[in-house]
S.K.: 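Below is a structure I'd like to ask you about.
Letters A, B, ... mirror the listed sequences (proteins, then strands); counts begin at 1.
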Amino acid sequence: MQAPEAFMKLTVKLFGGIKSTKDFPKNEEGDLIVELPSEISVAELIDELSLNKKPFIVVLNGVILHDLAIKLKDGDKLSFFPPIAGGLLN
Amino acid sequence: MKILRINMSGNPTAKFEELGEYEGLGGRALTSAVISKEVDPLCHPLSADNKLVIAPGLLGGTAAAMSGRVSVGCKSPLTGGIKEANAGGQAGQVLGRLGIAAIVLEGKPEGNDTYKVYINKDEVRIEKDNSIKMLPNYDLIDRMKKEYGEKIACVSIGPAGEMKLSGASVAITDMELRPTRHAGRGGVGAVMGSKGVKVIVLDDTGTTPRQPKDAEAFKDANKRFVAGLQKHPVTGQGLPAYGTNVLTNIINEVGAYPTYNFKEGRFQGARKISGEVEAELEKQRGGNPTHGCHRGCVIRCSGIYHDKDGHYLTKQPEYETVWALGGNCGIDDIDKIAMMDFLCDNYGLDTIEMGATIAVAMEAGILKWGDADGAINLLHEVGKGTPLGRIIGNGAAFTGRAFAVERVPVVKGQALPAYDPRAVQGIGVTYATSPMGADHTAGYSIALNVLKTGGFVDPLKPEGQVDLSRNLQIATAFIDSTGMCLFIAFALLDQPETNQALLDMLNAFYGWNMTDKDVVEYGKKVLKFERDFNTRAGFTKQHDRLPRFFYKEPIPPHNVVFQVKDEELDQLFNW
Ligand code: SF4
C-alpha cells in the first residue's frame with residue numbers, strides 16, 4: 001500500500017478586487033481554503049491560484065514577503081494585495 | 001506675493017507686507033519660519049503673543065496639479081511646541097491667486113466678540129459678528145454662502161475652536177463648499193479661537209492663476225508630473241478607487257492595526273470598515289468614491305459618503321479617522337464611524353485625537369469597548385462644552401490624566417495615529433522624533449516598511465529605521481512647503497522622472513536651479529526652524545521618546561516591542 005501523499009491546507013485572503021479564476025472552497029469569512037501537496041513555494045501557489053490580477057504584495061502569516069521562493073507549510077495564512085499597495089513583488 | 005498681517009488687538013487692523021527675509025519660503029517652511037522667528041517659545045499658546053499663520057505652498061494658486069494644500073502653523077496648545085498642520089480644500093489655491101503668501105493672525109481682542117474676515121482682490125474687511133458665535137462649521141458655511149455667494153473658500157473653526165480646546169481643528173472648505181478638510185492636529189483651531197476669528201472668507205473673483213517665469217517649461221514639467229502620478233499604481237489606481245482607507249486591510253494583515261487603545265495589532269471587524277466596503281457603499285448609495293478635495297487634484301483619494309437613505313452625510317472618512325473612531329475603540333460600524341467623522345468636522349475637532357481620546361476614555365471605563373452610540377454622545381458633549389466634553393476635547397493626554405489612565409499613547413502630548421510603532425518600527429521613530437509630536441505624515445515610513453514603495457526596510461526590526469525616518473522627514477518638510485499633497489510621494493519615491501518633473505516645475509516657476517541636493521537642504525532648514533523653536537520652548541531629547549509601555553508590552557500577533565534604542569533616536573537630527 002502506498003503512503004498517502006502529504007497535503008497541506010492554506011487559507012488565502014484576496015483583497016481589492018483580486019479573484020481566483022478557479023473554484024476553491026471558502027470558509028465563513030469568504031477566504032479560500034486551498035489544499036495542495038506540500039513543498040510548494042509562494043510563487044507556485046500564485047500560479048495555482050490563477051489570479052485575475054498580478055499581486056504586488058503578499059503577506060504570509062502577518063509578515064510581508066520579500067522572496068516568493070519561500071516554501072509554504074500546513075496551516076499557513078496568505079493575503080494578497082493588488083497594486084493599490086505599491087511594491088516590488090510584481 | 002505678500003504677507004497679510006491681521007492684528008486682533010484693540011481695533012483689528014490689516015496690513016500687507018513684502019516677504020522680505022521670508023522670500024523663497026512657502027507652506028510649512030513659511031509657517032515654521034514665522035513662528036520660530038516671531039513667537040516667544042515660552043508664551044502661552046492662547047495668549048496675544050502666539051500667532052496663527054495660514055500659508056499656501058510655493059506652488060499655491062498656480063496651474064500645477066496637486067498644489068492646493070494649505071499649512072496652518074502656531075505654537076501648539078496640545079504639544080507646547082511648534083506646529084504645522086496642513087489640509088486640502090480650496091483655500092490654498094485661492095490664497096495663492098489673491099497673491100497672499102501667508103495670513104498672520106496676531107494679538108488678541110480684549111472682549112468676547114467674534115469676528116469674520118473677508119478678503120478679495122481689492123480689500124480686507126474685519127467685521128464683528130456675534131450672531132455666528134458657536135455655530136458648527138456646516139451651519140456657519142451655509143451662512144457665509146448666503147452672505148457672500150458660492151464663489152468663496154472658507155477657513156473656519158467650530159465650537160471646539162471657540163472653546164479653545166486642544167483637540168480643535170481649522171476647517172477648510174472643499175470644492176462643494178463643505179467644511180470637510182481639516183488642519184487637524186495640535187489644536188490649531190484653539191489658537192484661531194483665541195484670536196476671536198471665527199471664519200476667513202476668501203473670494204478670488206477676478207483673479208488669474210499665478211504666472212511662471214518660464215511658461216513653456218512649466219507646462220511641460222506639469223504634464224510629465226501628471227503622467228507620472230497617473231502611471232504609478234498607488235496614485236493612479238489604488239487611491240482613486242478606494243481612498244486612503246484601502247490601508248485598513250493591509251495594516252491589519254501585517255498586525256500593525258492598533259486596536260483597543262494599542263493593545264492588539266489586529267481587529268476582528270477590520271474588513272467591515274475597510275476602504276473596499278466604504279467604496280462599495282458609496283457607489284450603492286449614490287455617493288462617490290473618487291473625488292478631489294481641491295481643484296487641480298489628479299489623484300482624487302477623497303469621496304462622498306451618503307447615509308442609508310442616500311443623503312449626504314460626510315466626505316469619505318479617511319483611513320486614520322476610521323481607525324481612530326473605529327478599530328481603536330473596537331467599533332466596526334462604518335455608518336456610525338462616518339457619523340462621527342461628520343460630528344468632528346462640524347464641531348471642528350481632530351478625528352485622530354478624538355478617536356485616541358475616546359479609546360483612553362474606554363480604557364478608563366467611561367464607555368464600553370465598541371460602544372458606538374456612547375462615542376457619538378461623547379462627541380456631542382464636546383460640541384456642547386459640558387465639563388466631560390471639555391476634558392475629552394482637550395485630547396488623550398489630558399483625558400488620561402483626568403481619569404488616571406496609565407496607558408496613554410502620546411508623544412509630546414499628541415496622540416499616536418493609526419500604525420502601531422512596535423509592528424512598524426520606522427513610524428515609531430517618526431512619532432518619537434518629529435518636532436510635531438506623534439505624526440504619521442511627518443515621515444511616512446509605512447511607504448517603505450509596508451507598502452514597498454521606494455524600497456523596503458523590515459518593519460519588525462530596528463535596523464535602518466532611523467535613517468529611513470530621517471530621510472523621509474527631510475523630504476516631507478520640503479513637500480509640505482511646496483503646497484503639494486503628500487500623496488505625490490508614492491510616485492516620487494518610485495519614479496525618478498516624476499521627482500525631476502516636480503523640481504523642473506518649481507525651477508520653471510521661480511527661475512531657480514534647484515537640484516535634489518537643494519531639496520535636502522531645504523527640508524533640513526525647515527526642520528531646523530522647528531527644532532530650534534522646540535529647544536527654546538524647553539524640549540530635550542527625553543521628549544523624543546515613545547511612552548514606555550511600547551518598550552515593555554509586546555503586541556500580538558508578532559509579540560514585538562519597540563526596539564530602537566534611545567541613543568539611536570538621538571542620532572536622527574545629527575546631520
Ligand atoms: S490626493 Fe486626496 S488629499 Fe491629496 S489633494 Fe487629492 S483628494 Fe486631497
Side-chain angles (χ1 to χ4, degrees), chain A residues 9-21 24-34 41-43 45-46 49 51-90, chain B residues 231-257 265-266 268 270-272 274-277 279-280 301 423-424 446-461 489-491 493-495 555-560:
Chain A
K9 202 172 181 182
L10 309 168
T11 310
V12 176
K13 299 188 195 187
L14 304 174
F15 291 99
I18 299 184
K19 290 191 178 77
S20 168
T21 49
F24 289 100
K26 290 186 180 144
N27 67 12
E28 302 151 5
E29 311 241 282
D31 306 324
L32 310 185
I33 304 297
V34 182
S41 71
V42 180
L45 173 71
I46 290 171
L49 288 171
L51 302 173
N52 62 337
K53 295 183 190 175
K54 210 167 185 186
F56 274 63
I57 287 201
V58 186
V59 176
L60 171 60
N61 301 325
V63 178
I64 298 153
L65 275 192
H66 215 53
D67 177 9
L68 296 185
I70 206 160
K71 294 273 186 218
L72 293 164
K73 54 183 188 333
D74 188 39
D76 278 346
K77 293 189 169 66
L78 291 109
S79 311
F80 292 88
F81 295 90
I84 44 177
L88 304 172
L89 290 180
N90 51 351
Chain B
K231 115 173 162 210
H232 192 274
V234 175
T235 49
Q237 295 167 38
L239 286 172
Y242 300 113
T244 55
N245 198 19
V246 71
L247 285 166
T248 293
N249 281 326
I250 186 157
I251 301 300
N252 195 54
E253 284 303 310
V254 299
Y257 192 80
R266 281 215 184 112
Q268 192 73 39
R271 273 192 188 177
K272 287 164 73 179
S274 67
E276 289 89 331
V277 166
E280 197 45 49
C301 78
V424 187
I446 312 302
L448 290 93
N449 282 158
V450 180
L451 306 180
K452 298 189 170 175
T453 302
F456 179 67
V457 179
D458 190 335
L460 297 170
K461 305 218 172 90
F490 290 106
L493 281 164
D494 276 339
Q495 299 166 185
I555 187 165
H558 295 300
N559 297 316
V560 274

S.K.: So does Lys26(A) have more than 12 non-hydrogen atoms from other groups sitting under 6.0 Å from NZ?
M.R.: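 Counting neighbours around NZ of Lys26(A), 12 or fewer heavy atoms of other residues, nucleotides or ligands fall under 6.0 Å, so no.
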S.K.: Chain A heavy atoms under 4.5 Å from Leu247(B): which part of the residue, side chain, backbone, both or neither?
M.R.: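 Neither the backbone nor the side chain of Leu247(B) comes within 4.5 Å of chain A.
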S.K.: Quick check: closest heavy atoms across Val450(B) and Ile57(A), and the distance to 0.1 Å?
M.R.: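 Heavy atoms of Val450(B) and Ile57(A) come nearest at O-CD1, 3.3 Å.
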S.K.: I'd like to know whether Ile250(B) forms a side-chain contact (heavy atoms from CB on, under 4.5 Å) with Phe15(A), so could you lay out the CA-CA distance, the side-chain angles of the two residues, the decisive distance to 0.1 Å, and finally the verdict.
M.R.: CA-CA 9 Å; Ile250(B) 186 157; Phe15(A) 291 99; over 6 Å; no
S.K.: Please report the interatomic distance CG(Leu460(B)) to CD1(Ile64(A)), rounded to the nearest 0.5 Å.
M.R.: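 Between Leu460(B) CG and Ile64(A) CD1, I get 8.0 Å after rounding to 0.5 Å.
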S.K.: Given heavy-atom pairs under 4.5 angstrom as the criterion, report whether the side chain, backbone, both or neither of Val59(A) touches chain B.
M.R.: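 For Val59(A), the contact with chain B is made by the side chain alone.
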S.K.: Which bit of Asp458(B) comes within less than 4.5 Å of chain A, counting heavy atoms only: side chain, backbone, both or neither?
M.R.: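 Contact with chain A involves no heavy atom of Asp458(B) at all.
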S.K.: Would you call Glu253(B) and Lys77(A) a side-chain contact if the rule is heavy atoms closer than 4.5 Å?
M.R.: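 In short, these two side chains do not touch, never coming nearer than 4.5 Å.
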S.K.: Between His558(B) and Asn61(A), which heavy-atom pair has the shortest distance, and what is it?
M.R.: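 For His558(B) and Asn61(A), the tightest heavy-atom pair comes out as CE1-O, 4.0 Å.
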